[in-house]
Amino acid sequence: LALGLLGCAEEEVRVGPCDPRLVACQERLARAVSEARGGPEVDLPPVDVITEDELRAFLEGEVEEPTPAEMRQYEVWGHALMLLRLVQSPAALTTGSIDDFVANVAAFYDPDTGGITVIDRGMPTNFAEASYVFAHELTHRAQDIDHEAGFAAHEGLSDSLDGDDALGHHVEGEATVVGNLVLVGL
C-alpha cells in the first residue's frame with residue numbers, strides 16, 4: 001500500500017527518482033544509463049534484491065579459512081591497527097569488514113555473474129540516492145560489456161601500478177558521472 005501511495009507501484013514509475021527494488025524502476029534507470037553514456041542500449045542484467053541478513057549470510061559463506069601465514073599477517077596488521085586505536089581487536093579485519101559492508105552498501109555489481117544485488121532495508125529513505133547507486137552499478141555492467149566486446153579504451157593500462165590506479169579511477173569516475181547524469185535527468 002505504501003509503495004502505491006508514493007507512486008512507485010510495480011506497474012508504474014513516475015518521473016523523478018524511483019525505488020530500484022522494483023523492476024519498472026530498474027528498466028527506467030537502464031534506459032537512462034544508456035542515454036547518459038551515449039552508447040548502445042544497456043540491457044538490464046539479472047538483479048537480486050536481498051535483505052541485510054541474506055547479504056551477511058552470503059558474505060560469511062564467501063569467507064575462506066585463512067592459511068597459517070595469512071593468520072599471522074592478520075595478527076600483525078591487527079596488532080598495528082590496535083596500537084593506532086583504529087580497531088579493538090585483530091578480528092575486526094574480517095568481521096569488521098563484513099559488518100561495514102552490510103551497514104554501508106546499498107547495492108553492488110558482481111563482475112563474475114554480471115548481476116546487480118540491491119540490499120532491501122525496507123522502504124528506501126532516499127529514492128534519489130537509491131536511483132543514483134543503481135545507475136552507478138549498472139554503469140559498471142555496461143563497462144564490462146564494452147570490455148568484453150573489445151571497445152575498452154584502457155588496454156595496456158593494467159601493466160603497472162600507476163596504470164592500475166588510473167584504470168580504477170577511470171572506471172569509478174565514469175560510473176560516478178553517469179550516476180549523477182541519470183539522477184539529474186530523472
Could you grab the distance from atom OG1 of Thr139 to atom CD of Glu172, nearest 0.5 Å is fine?
10.0 Å
Could you go step by step and tell me if Arg56 and Glu52 meet the side-chain contact (heavy atoms from CB on, under 4.5 Å) rule?
CA-CA 6 Å; Arg56 180 177 300 284; Glu52 287 182 14; over 6 Å; no
Starting from Leu59, can I reach Val118 by hopping between I/L/V/M/F/W/Y residues whose side chains sit under 4.5 Å apart?
no
Take Val182 and Glu35 through the side-chain contact (heavy atoms from CB on, under 4.5 Å) test and state the conclusion after the steps.
CA-CA 8 Å; Val182 166; Glu35 291 173 16; over 6 Å; no
Point-to-point distance, once rounded to the nearest 0.5 Å, from CG of Asp120 to CZ of Arg21:
4.5 Å
Going through the checks in order, is the side-chain contact (heavy atoms from CB on, under 4.5 Å) test met by Thr51 and Glu54?
CA-CA 5 Å; Thr51 66; Glu54 291 168 324; 3.3 Å; yes
Verify same cluster id: Val178, Phe108 (apolar side-chain graph, 4.5 Å):
no
Flag the pair Asp146 and Arg37 as a salt bridge only when some basic side-chain nitrogen lies within less than 4.0 angstrom of an acidic carboxylate oxygen.
yes
N/O donor-acceptor pair under 3.5 Å between Thr117 side chain and Asp48 backbone
no
To the nearest 0.5 Å, atom CD1 of Ile50 lies from atom CZ of Phe58 at 7.5 Å
Of all heavy-atom pairs between Asp144 and Tyr109, which one has the smallest distance, and what is that distance?
OD2-OH, 2.6 Å
With the 4.5 Å side-chain cut-off for hydrophobic clustering, are Leu86 and Trp77 part of the same group?
yes
Could you grab the distance from atom CG of Leu186 to atom CG of Leu29, nearest 0.5 Å is fine?
6.0 Å
Check whether any side-chain N or O of Glu27 sits under 3.5 Å from a backbone N or O of Leu44 as a donor-acceptor pair, and report yes or no.
no
For Ser34 and Val42 the tightest heavy-atom approach is OG-N, 2.5 Å
ILVMFWY network linking Val47 to Ile119, side-chain heavy atoms under 4.5 angstrom:
no
Shortest non-hydrogen contact from Gly115 to Pro45?
CA-CB, 4.4 Å
Are Val133 and Val49 in one and the same hydrophobic cluster, where Ile, Leu, Val, Met, Phe, Trp and Tyr link if side-chain heavy atoms are under 4.5 Å apart?
yes
Heavy atoms only: give me the nearest Phe127-Asp19 pair and the separation to one decimal.
CE2-CB, 3.3 Å
Classify the ring geometry between His140 and His136 as parallel (under 30°), tilted (30 to 60°) or perpendicular (over 60°).
perpendicular
Of all heavy-atom pairs between Ala130 and Pro20, which one has the smallest distance, and what is that distance?
O-CG, 3.4 Å
When you look at Thr176 and Tyr132, which way does the side-chain contact (heavy atoms from CB on, under 4.5 Å) test go after all the steps?
CA-CA 9 Å; Thr176 299; Tyr132 164 83; 3.6 Å; yes
Could you tell me whether Asp43 and Arg141 have a side-chain N and a carboxylate O separated by less than 4.0 Å?
no
If I compare all heavy atoms of Leu138 with all of Ala30, which pair ends up nearest, and what's the gap?
CD2-CA, 3.3 Å
Verify the neighbour count for atom CD of Glu129: are there more than 12 heavy atoms of other residues, nucleotides or ligands below 6.0 Å?
no
Quick check: does any side chain N or O of Glu70 sit under 3.5 Å from a backbone N or O of Thr67, one acting as donor and the other as acceptor?
yes
